[in-house]
Chemist: 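What follows is a single structure, and I will ask about it in a moment.
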Amino acid sequence: MTDLILGVETSCDETAAAVVAGGKKICSNIIASQIDIHEKFGGVVPEIASRKHLEAVNFIIAQALAEAGCTFQDLAAIAVTHGPGLVGALLVGVNTAKTLAYALGKPLVAVNHVLAHVAANYLVHDIDFPAVCLVVSGGHTSLLYLQARGEAEFLGATRDDAAGEAFDKIARVLQLGYPGGPVIDKIAREGNPDAFPFPRAFSGQDDVFEFSFSGLKSAVINTIHNLQQKGKTVPVADVAAGFQAAVVDILVEKTCLAAKVKGTKNVLLAGGVAANSRLRVALEEALAKEERKLFLPPPALCTDNAAMVAAAGWDLYQRQEFAGLDLNAVPVLDIGSQK
Amino acid sequence: MYILGIDTATLVCSVALVTEEKLVAEYTLQVRKTHSERLLPLIASVLEGAGIKPQELDGIAVAAGPGSFTGLRIGVVTAKALGQALELPLCGISTLEALAAQHPLFNGLICPMLDARRGQVYNALFFGGSGIQRETDDRAVTLSDLLAELFERQEPVLFVGDAVKLHRQTLIDALGARACFAPEESAVCRAATVARLGLLELQAAKGQTWQDLVPHYIRRAGAERKFQATGDSGGRK
Ligand SMILES: [Zn+2]
């Protein structure tokens, strides 16, 4: 019996395919990024993303199989991200994957993109469950409780912007370019994080695991506009450092609280923003004080890729939770809702 | 030779299986449900109904545009994946040509029009009578430009396609008795015609592969047009 899963990912601006053995060993992991195309628009343009996915996806799949040294016939199943994400972009991957599965007579599994980010950790770490996971990226900020591989319980998410989205917006106002995460991370190292004490929103009792970044975002933009109106030069590094420190404080506080409430020793970090150096260090230190351990994937597996989709797909495959030929893209998909 | 035809360019979702001799099966749905949910189950039931396995197909023809961008992508992506998995030749067919090809015996101009929004229709002109002869490329035009063009001509004009309903009275007012209208079932695109046109192309060795088949959108993405015109960014976030 084969244990090879082909993963397909087209939820945003990366067209990706990968072959993973046994939900663990990466045989190939191919990514075609569209980032330079969307850069000039200052963000992902859905129609352009969909067109680029269509042009690339079959080639990327062929390359993933070739690099893994296998053929379609060798696959155990095909896994595809069916949400959340941009609907037009998701449709390309979903229709490609389910048509391949039908034509080849292979099982199809539908993967939640957020859970795929979580599963990136399983490719590189052996995790003792239960655990808590913070998923932070351009599209999501979610806290999950994990009973076992592939068994996630939703704890909370952002009420407004995703953390990565806030990074993009502030980077745009500071004219630092797109995407915002890496540029802010870099320039913040030269700034004083205490120069601008921006507000941290740690909300009330019933929504302890929810995040909110819109107030912080407005505060940062107001500060920039005030400085500009007074004719002062904006100390970009200090503003970036102050903003990043506030985001990190919020994320660390909530994640530590979740680990404490759920009583887990292990905490996972996942998603594109997990590559942020300050977040990683701050979270690791805060958790260490409570004798908890932080796990995170290497940077290449933090951003969108298909190896994580194949890893998450493996868990569904093992439980025989197969998708039908009528599988659709679900742009807003919650944890725990498979259809 | 078994050719599977696919059309998801408009609100119609149509799948057909044809051979040189006959139309084996066709399934045409016009309901408010997404093509993404409908298309593959329809393909499976058309093949099952015909007693044909996907591996027994000889080629795929798909309406590759113009049409709704998302609709086109679902059809083309499905055709490409079938082509890749089954190593089959593919054929992208003009949606407008397929509409016109449903009326080869009409003596006069055949004028398919699909709603292109923004005050335009997707259109091309064909001459019928004994088969169809293409007179223009596929294009996006305003209705008034199209009517001005038709006004120069003498022949009767047969209108087909989803934009006809929107403009029927305008067409009658402009062209009087020259304006002809096809019955609903032959005014929408049918996969049987797409498949037949594809079969002819594949017989003439004019097929494509999963590597080179792309939709024929006619229009660039909105953000690109805007960017070109103003240098302004239209990106999300
Ligand atoms: Zn992601």
Side-chain angles (χ1 to χ4, degrees), chain A residues 10 37-55 57-59 61-62 72 78 82 86-106 138-139 161-162 164-169 171-172 178-180 324-329, chain B residues 4 6 8 33-45 47 53-55 57 60 64 68-88 90 209-215 217 219-228 231-237:
Chain A
T10 64
I37 301 158
H38 298 289
E39 219 166 9
K40 68 175 182 185
F41 301 105
V44 179
V45 181
E47 176 59 23
I48 296 174
S50 306
R51 291 184 178 197
K52 293 291 164 192
H53 283 309
L54 178 141
E55 288 163 23
V57 68
N58 305 88
F59 289 100
I61 289 169
F72 279 127
I78 297 175
H82 71 130
L86 300 170
V87 65
L90 288 164
L91 282 172
V92 173
V94 164
N95 283 282
T96 298
K98 69 180 186 175
T99 305
L100 289 174
Y102 164 71
L104 299 163
K106 301 284 180 187
D161 294 347
E165 218 175 335
F167 271 97
D168 285 342
K169 279 179 186 161
R172 187 141 93 174
Y178 169 86
L325 299 184
D326 61 347
L327 179 70
N328 204 356
Chain B
L4 181 74
I6 297 171
T8 52
K33 190 147 193 198
T34 70
H35 292 327
S36 175
E37 281 170 87
R38 290 286 193 177
L39 179 60
L40 196 56
L42 285 191
I43 291 173
S45 52
L47 293 186
K53 292 195 185 71
Q55 290 74 16
L57 290 170
I60 317 283
S68 121
F69 294 164
T70 301
L72 292 177
R73 268 193 292 275
I74 289 168
V76 169
V77 153
T78 302
K80 281 166 84 87
L82 286 171
Q84 187 178 22
L86 304 168
E87 295 175 26
L88 291 175
L90 307 176
T209 64
W210 62 263
Q211 283 96 337
D212 49 31
L213 180 68
V214 286
Y217 299 106
R219 279 197 191 139
R220 285 177 302 162
E224 264 179 330
R225 284 196 308 271
K226 210 171 148 200
F227 188 79
Q228 213 72 20
D232 216 21
S233 103
R236 258 170 54 113
K237 286 173 192 173

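Residue numbers begin at 1 in each chain, while the letters A, B, ... track the order of the sequences. Bear in mind that the values here come from a model prediction, so they are computed numbers and not experimental data.
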Chemist: Could you have a look at Glu55(A), His53(A), Arg51(A) and say which one has the most heavy-atom pairs with chain B under 4.5 angstrom?
Modeler: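 Top count of heavy-atom pairs under 4.5 Å with chain B: Arg51(A).
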Chemist: Do Ser36(B) and Asn95(A) meet the criterion of a side-chain donor-acceptor pair at a distance under 3.5 Å?
Modeler: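 Yes, a side-chain donor-acceptor pair sits under 3.5 Å.
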Chemist: Answer with side chain, backbone, both or neither: which region of Gln55(B) has an atom nearer than 4.5 Å to a non-hydrogen atom of chain A?
Modeler: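 Looking at Gln55(B), just its side chain touches chain A.
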Chemist: With a 4.5 angstrom heavy-atom cut-off, could you sort out which part of Ile43(B) is near chain A: side chain, backbone, both or neither?
Modeler: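 Both backbone and side chain of Ile43(B) come within 4.5 Å of chain A.
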Chemist: Please name all residues satisfying ring pair (Phe, Tyr, Trp, His ring centres under 6.0 Å) with Phe72(A), sequence neighbours left out, ordered by chain then number.
Modeler: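 Counting only residues at least two positions away or on another chain, Phe72(A) forms no ring pair (Phe, Tyr, Trp, His ring centres under 6.0 Å).
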Chemist: Keeping to residues at least two apart or across chains, list the salt bridge (Lys or Arg N to Asp or Glu O under 4.0 Å) pairs with something in residues 96-105 of chain A.
Modeler: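 Checked against salt bridge (Lys or Arg N to Asp or Glu O under 4.0 Å) - neighbours excluded - no pair reaches residues 96-105 of chain A.
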Chemist: Does any heavy atom of chain B fall under 4.5 Å from the side chain of Ala97(A), the backbone, both, or neither of them?
Modeler: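 Ala97(A) has no heavy atom closer than 4.5 Å to chain B.
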Chemist: Which atoms of Leu86(B) are under 4.5 Å from chain A, going by heavy atoms: the side chain, the backbone, both sets, or neither?
Modeler: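 Side chain of Leu86(B) only, per the 4.5 Å heavy-atom cut-off to chain A.
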Chemist: With a 6.0 Å cut-off (strictly less than), is the heavy-atom count around NZ of Lys52(A), excluding the residue itself, greater than 12?
Modeler: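 At most 12 heavy atoms, drawn from other residues, nucleotides or ligands, come within 6.0 Å of this atom.
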Chemist: Tell me, side chain or backbone of Thr78(B) under 4.5 Å from chain A's heavy atoms, or both, or neither?
Modeler: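 For Thr78(B), heavy atoms of backbone and side chain both lie under 4.5 Å from chain A.
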Chemist: Classify the angle between the aromatic ring planes of Trp210(B) and Phe59(A) as parallel (below 30°), tilted (30 to 60°) or perpendicular (above 60°).
Modeler: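 The rings of Trp210(B) and Phe59(A) sit tilted, inter-plane angle from 30° to 60°.
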